[in-house]
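Scope of the values below: all heavy atoms of this structure, side chains included, with no hydrogens, waters or symmetry mates.
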Amino acid sequence: MALKPLHDRVLVRRTEGEEKTAGGLIIPDSAKEKPAEGIIVACGEGARKDSGELIDMAVKDGDRVLFGKWSGTEVTVDGEELLMMKESDILGILS
């Protein structure tokens, strides 16, 4: 990876959204919402307390996560659209 997040930031690759509804209707690209889940590609080392002590990250590379709809900043790395966000923007880890 050509980009390494700093501190408590993570780099996330969005997963593809559903192409069909539960009833079997095909959703056109223009009507699809951006998915709010993805896979962590890279993590920073973690945040630091005022004393300088490192706070470990709760997530790691490869975790499937759920994040807020408007979370993160879109970045392009090696021609791929990724999201850079703080660890606190992540709502949970999907199993």
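Applying the salt bridge (Lys or Arg N to Asp or Glu O under 4.0 Å) definition to pairs two or more places apart or across chains, those involving residues 40-55 are Glu45-Arg48, Lys49-Glu53.
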Working note: Ile40 + Val65, criterion side chain to side chain contact (heavy atoms under 4.5 Å, CB included); need CA distance, chi angles, decisive distance, verdict.
CA-CA 7 Å; Ile40 295 184; Val65 294; 3.8 Å; yes

Trace of the side chain to side chain contact (heavy atoms under 4.5 Å, CB included) decision for Leu83 with Leu11
CA-CA 6 Å; Leu83 283 173; Leu11 202 55; over 6 Å; no

Taking it one step at a time, do Glu37 and Arg64 satisfy side chain to side chain contact (heavy atoms under 4.5 Å, CB included)?
CA-CA 7 Å; Glu37 65 180 68; Arg64 251 180 87 218; 2.8 Å; yes

Full working for side chain to side chain contact (heavy atoms under 4.5 Å, CB included) between Met85 and Ile90
CA-CA 8 Å; Met85 66 181 69; Ile90 296 173; 4.0 Å; yes

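Rounded to the nearest 0.5 Å, atoms CG (Leu82) and CD (Glu74) are 10.0 Å apart. Rounding to the nearest 0.5 Å places CG of Leu54 at 10.5 Å from NE2 of His7. To the nearest 0.5 angstrom, Ile39 atom CD1 is 6.5 Å from Thr15 atom OG1. A distance of 8.0 Å separates CG in Asp89 from NZ in Lys86, rounded to the nearest 0.5 Å. Once rounded to the nearest 0.5 Å, the distance linking CG of Leu91 with OG of Ser71 reads 6.5 Å.
The closest side-chain heavy-atom distance from Met84 to Val10 is not below 4.5 Å.
Ionic pairing of Asp63 and Lys60 is present here: one or more N-O contacts between side-chain nitrogen and carboxylate oxygen are shorter than 4.0 angstrom. A salt bridge links Arg13 to Glu80: one of the charged nitrogens lies within less than 4.0 Å of a carboxylate oxygen.
Under the rule for a salt bridge (charged side-chain N to carboxylate O under 4.0 Å, His left out), Glu81 has no partner lying at least two apart in sequence or in another chain.
Following chains of ILVMFWY side-chain contacts shorter than 4.5 Å, one can reach Phe67 starting from Ile93, so the two form part of one hydrophobic cluster.
Side-chain N or O atoms of Lys4 include one that pairs as donor or acceptor with a backbone N or O of Cys43 at under 3.5 Å.
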